[in-house]
Amino acid sequence: MCLFKHEKELFHPVAIERPNPQYAALLQEQLGGGNGELKAAMQYMSQSFRIKDARIKDLFLDIAAEELGHMEMVAQTINLLNGHHVDAEAVEAGEIQTHVLLGLNPGLINASGYSWTGDYVTVTGDLCADLLSNIASEQRAKVVYEYLYRQIEDKKVRETIDFLLNREEAHNQMFRDAFNEVQASGSNRDFGTTKAATMYFSLSNPGPNAFSGKDVSAPKFSK
């Protein structure tokens, strides 16, 4: 049985030093954007439906449930930042859709006012592919939060973003650990097993070692 329940206490308390409606519009990106909390929750939950490994299935559902909690935190922060009644003139710039459609309710829209869409969600049915997609999703979410962090001086809002940033990193590592356990399965087992899977083609002009007379090898990246 899959059960969700609402805990009245947030994962982390949210607060602001002062209203900032323009920043509220920016923060909408992490509510209804392509790398936001709703996208993450729906992606991990949708991917979990076909997972047979009970531990990994639980991991996906646990993280999905936490992302819904993060979504609530972001929405509450947007509410506090708006700090005014329905009045478009209170916002000097930014999206004003919430003033004419939502009554300032945090909506499933991004920072530009475009609606959230299921097209953001990636599901392949292949555990390796889905895990790699989730690792990338968490990394992209971190980048968005980092951009948001740099554009606000409000210490209270920064505390919330810092918490969410660290949770994205935690999820990233959890998905990496899961991938390490299953990386020889699924599409990684069925394909990529011939010599062509280990060959590097240098198509740069001139390529590495182009004039050395030596065999071309893949570039090395230091750790």
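The shown structure was predicted, so the numbers you read here are calculated from the model rather than taken from an experiment.
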* Nearest heavy atoms of Pro21 and Asn82, plus distance in Å -> CG-O, 3.5 Å
* Which residues pass the side-chain contact (heavy atoms from CB on, under 4.5 Å) test with Arg176, sequence neighbours left out? -> Ile135, Gln139, Asn172, Gln173
Name every donor-acceptor pair, under 3.5 Å, that has one atom in a side chain of residues 26-45 and the other anywhere in the protein, sequence neighbours excluded.
unit_1 : atom_1 : unit_2 : atom_2 : d
Gln28  : OE1    : Gly107 : N      : 3.3
Gln28  : NE2    : Gly107 : O      : 2.9
Gln28  : NE2    : Ile109 : O      : 2.9
Glu29  : OE1    : Ala111 : N      : 3.0
Asn35  : OD1    : Arg140 : NE     : 2.9
Glu37  : OE2    : Tyr145 : OH     : 2.5
Lys39  : NZ     : Gly34  : O      : 3.3
Gln43  : OE1    : Thr122 : N      : 3.0
Gln43  : NE2    : Asn134 : OD1    : 2.8
Gln43  : NE2    : Ser137 : OG     : 3.4
Tyr44  : OH     : Glu138 : OE2    : 2.6

* Structure fact -> Across all chains, not counting sequence neighbours, the side-chain contact (heavy atoms from CB on, under 4.5 Å) partners of Glu17 are Asp154, Lys155, Lys156
* Residues which pass ring-ring contact (aromatic ring centres under 6.0 Å, His included) with Tyr23, listed by chain and number, not counting sequence neighbours -> none
* Donor-acceptor under 3.5 Å (Arg158 side chain, Glu153 main chain) -> no
* Structure fact -> Those residues at least two apart in sequence (or on a different chain) that pass side-chain contact (heavy atoms from CB on, under 4.5 Å) with Leu80 are Val14, Ile16, Gln76
* Between CG on residue Leu165 and CD on residue Glu146, distance to nearest 0.5 Å -> 5.5 Å
* Do Met71 and Leu108 come within less than 4.5 Å of each other through their side chains, counting heavy atoms only? -> yes
* Asked: Mind checking whether Val157 and Tyr149 have side chains closer than 4.5 Å, heavy atoms only?
  -> no
* Asked: Side chains of Ile161 and Thr77: does their closest heavy-atom pair fall under 4.5 Å?
  -> no
* Asked: How many angstroms lie between atom CG of Leu127 and atom CZ of Phe179, to the nearest 0.5 angstrom?
  -> 9.0 Å
* Linking directly or through intermediates, with side-chain heavy atoms under 4.5 Å: list the remaining ILVMFWY members grouped with Leu104, chain and number order. => Val86
* Structure fact -> Output for pair (Ile56 CD1, Ser48 OG), nearest 0.5 Å, gives 12.0 Å
* Applying side chain to side chain donor-acceptor pair (under 3.5 Å), name anything that partners Glu169, two or more places apart in sequence or on another chain. => Lys142
* Scan for ring-ring contact (aromatic ring centres under 6.0 Å, His included) pairs involving residues 122-144, sequence neighbours excluded, and state none if there are none. => none
* Structure fact -> Closest non-hydrogen contact found for Pro19 with Gly83 is CB-CA, 4.0 Å
* Structure fact -> Rounded to the nearest 0.5 Å, the CG atom of Asn20 sits from the CD1 atom of Ile78 at a distance of 12.0 Å
* Structure fact -> The remaining residues in the hydrophobic cluster of Tyr147, counting side-chain heavy-atom contacts under 4.5 Å among Ile, Leu, Val, Met, Phe, Trp and Tyr, are Val143
* Asked: How long is the span from the CZ atom in Arg18 to the CG atom in Leu81, to the nearest 0.5 Å?
  -> 11.0 Å
* **Smallest separation among heavy atoms of Gly125 and Asp130, with atom names** => N-OD2, 3.5 Å
* Which heavy atom in Thr160 sits nearest to a heavy atom in Ala15, and how many Å separate them? -> OG1-N, 4.4 Å
* Asked: Is the distance between the ring centroids of Phe163 and Phe11 under 6.0 Å?
  -> no
* Sequence neighbours excluded - side chain to side chain donor-acceptor pair (under 3.5 Å) pairs with any residue from residues 99-119 -> His84-His99
* **Sub-4.5 Å side-chain heavy-atom contact between Ser46 and Val123** => yes
* For residues 53-70, which residue pairs qualify under side chain to side chain donor-acceptor pair (under 3.5 Å), counting only residues two or more places apart or in two chains? -> Arg55-Glu181, Glu66-His70, Glu66-Arg167, Glu66-His171, Glu67-His70, Glu67-His171
